[in-house]
Trainee: 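Just dropping this structure here.
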Amino acid sequence: DQQVKQNSPSLSVQEGRISILNCDYTNSMFDYFLWYKKYPAEGPTFLISISSIKDKNEDGRFTVFLNKSAKHLSLHIVPSQPGDSAVYFCAATTPNFGNEKLTFGTGTRLTIIP
Amino acid sequence: KAGVTQTPRYLIKTRGQQVTLSCSPISGHRSVSWYQQTPGQGLQFLFEYFSETQRNKGNFPGRFSGRQFSNSRSEMNVSTLELGDSALYLCASSLEGDRGNEAFFGQGTRLTVV
């Protein structure tokens with residue numbers, strides 16, 4: 001039972017344009033969401049997070065939007081750069097937990113075309 | 001400051017054998033979580049240790065076990081290996097496991113069962 005879903009396995013975007021990565025979840029108990037980025041042969045690294053009391057969080061080129069009624073969140077990267085090419089994972093957790101127990105999606109491979 | 005270190009990086013084992021993987025967290029971090037990453041399944045939570053105690057457990061069979069030592073280093077053990085156990089095993093450490101502190105991942109151990 002995949003509680004966090006990333007329905008696009010891959011995405012290609014031109015350098016300088018906006019990259020939009022999507023994530024849906026089914027567990028209404030999730031109240032904290034995170035995005036991680038993973039390069040080959042490296043562990044995932046934290047990008048940005050959002051609490052369910054917010055609908056937007058911004059950090060430099062990265063913005064995460066949360067639509068609780070649709071159980072949907074998205075990560076926007078503007079402008080996209082070649083170094084952004086990686087696999088992006090959406091993750092979530094419930095009120096009982098912090099970062100120690102995350103439920104991850106299956107990932108979206110983002111390729112930035114120069 | 002050294003990052004999260006996982007050893008070994010690569011491992012090949014035969015069905016029926018057992019294996020032990022090691023994770024050294026960032027100095028001062030007391031929470032260590034383990035995840036299994038397989039194609040199409042994303043990262044799935046195995047268990048978390050905090051101050052030498054298993055605090056959380058995912059939905060994996062009893063063949064998967066772990067422990068944490070007084071210096072916060074953690075090991076996970078898989079007994080009676082099956083072909084389906086082939087995966088990238090990642091550990092993540094954080095100060096307390098709470099949301100205010102980022103979880104840092106190691107590079108992972110790639111286990112292949114033949």
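Nothing here was measured: the structure is a model prediction, and the numbers come from that model. Reminder, nothing fancy here: chain letters follow the sequence lines and each chain counts from 1.
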Trainee: Can you tell which part of Q44(B) gets under 4.5 Å to a heavy atom of chain A, answering side chain, backbone, both or neither?
Mentor: neither
Trainee: Can L43(B) be reached from V4(B) by stepping across I, L, V, M, F, W or Y side chains whose heavy atoms are under 4.5 Å apart?
Mentor: no
Trainee: Using a heavy-atom distance cut-off of less than 4.5 Å, which residues of residues 36-61 of chain A contact chain B?
Mentor: Y36(A), K38(A), A41(A), E42(A), G43(A), P44(A), F46(A)
Trainee: Which region of A92(B), side chain (C-beta onward) or backbone (N, CA, C, O), has a non-hydrogen atom less than 4.5 Å from a non-hydrogen atom of chain A, or is it both or neither?
Mentor: neither
Trainee: Is the closest side-chain heavy-atom distance between Q6(B) and Q107(B) below 4.5 Å?
Mentor: no
Trainee: What part of L88(B) is in contact with chain A, defined as an atom under 4.5 angstrom from a non-hydrogen atom: side chain, backbone, both or neither?
Mentor: side chain
Trainee: Please check if the distance between the ring centroids of Y49(B) and F47(B) is under 6.0 Å.
Mentor: yes
Trainee: Taking the side chain as C-beta and beyond, is there a heavy-atom pair between F104(B) and H29(B) under 4.5 Å?
Mentor: yes
Trainee: Verify side chain to side chain donor-acceptor pair (under 3.5 Å) between E48(B) and S31(B), making sure each step is shown before the conclusion.
Mentor: CA-CA 7 Å; E48(B) 184 241 359; S31(B) 169; 2.7 Å; yes
Trainee: Take R30(B) and L95(B) through the test side-chain contact (heavy atoms from CB on, under 4.5 Å) and record every step on the way to the result.
Mentor: CA-CA 5 Å; R30(B) 295 199 291 163; L95(B) 273 171; over 6 Å; no
Trainee: Between N96(A), V4(A), L34(A), D31(A), who has the most heavy-atom pairs with chain B when the cutoff is under 4.5 Å?
Mentor: D31(A)
Trainee: If Ile, Leu, Val, Met, Phe, Trp and Tyr residues are connected whenever their side-chain heavy atoms lie under 4.5 Å apart, and connections chain through other members, are I26(B) and W34(B) in the same group?
Mentor: no
Trainee: Determine the interplanar angle of the Y35(B) and F105(B) rings, folded into 0 to 90°, and report it as parallel if under 30°, tilted if 30 to 60°, perpendicular if over 60°.
Mentor: tilted
Trainee: With chain A as the partner chain, list the residues of residues 52-86 of chain B whose heavy atoms fall under 4.5 Å from it, by residue number, and write 'none' if nothing qualifies.
Mentor: R55(B), N56(B), K57(B)
Trainee: Answer with side chain, backbone, both or neither: which region of F50(B) has an atom nearer than 4.5 Å to a non-hydrogen atom of chain A?
Mentor: neither
Trainee: Hey, is the main chain of T38(B) close enough, under 3.5 Å, to the side chain of Q41(B) for a donor-acceptor pair?
Mentor: no
Trainee: If you draw a 6.0 Å radius around NZ in K13(B), do more than 12 non-hydrogen atoms from other residues or ligands fall strictly inside?
Mentor: yes
Trainee: What distance do Q2(A) atom CD and D24(A) atom CG have between them, rounded to the nearest 0.5 Å?
Mentor: 11.5 Å
Trainee: I need the contact set between residues 68-91 of chain A and chain B: heavy-atom distance under 4.5 Å, sorted by residue number.
Mentor: F89(A)
Trainee: Side-chain heavy atoms nearer than 4.5 Å, only ILVMFWY residues, links allowed to pass through others: does that put V19(B) and V32(B) together?
Mentor: yes
Trainee: Is R110(B) close to chain A through its backbone or its side chain, or both, or neither, when contacts mean heavy atoms under 4.5 Å?
Mentor: neither
Trainee: Which members of residues 99-114 of chain A, sorted by number, sit under 4.5 angstrom from chain B on a heavy-atom basis?
Mentor: N99(A), E100(A), K101(A), L102(A), F104(A), G105(A), T106(A)
Trainee: Test of understanding: clusters of I, L, V, M, F, W, Y form through side-chain heavy atoms closer than 4.5 Å, transitively. Do F62(A) and V64(A) belong to the same one?
Mentor: yes
Trainee: Between L66(A) and F97(A), is there shared hydrophobic-cluster membership here, with clusters defined by ILVMFWY side-chain heavy atoms closer than 4.5 Å?
Mentor: no
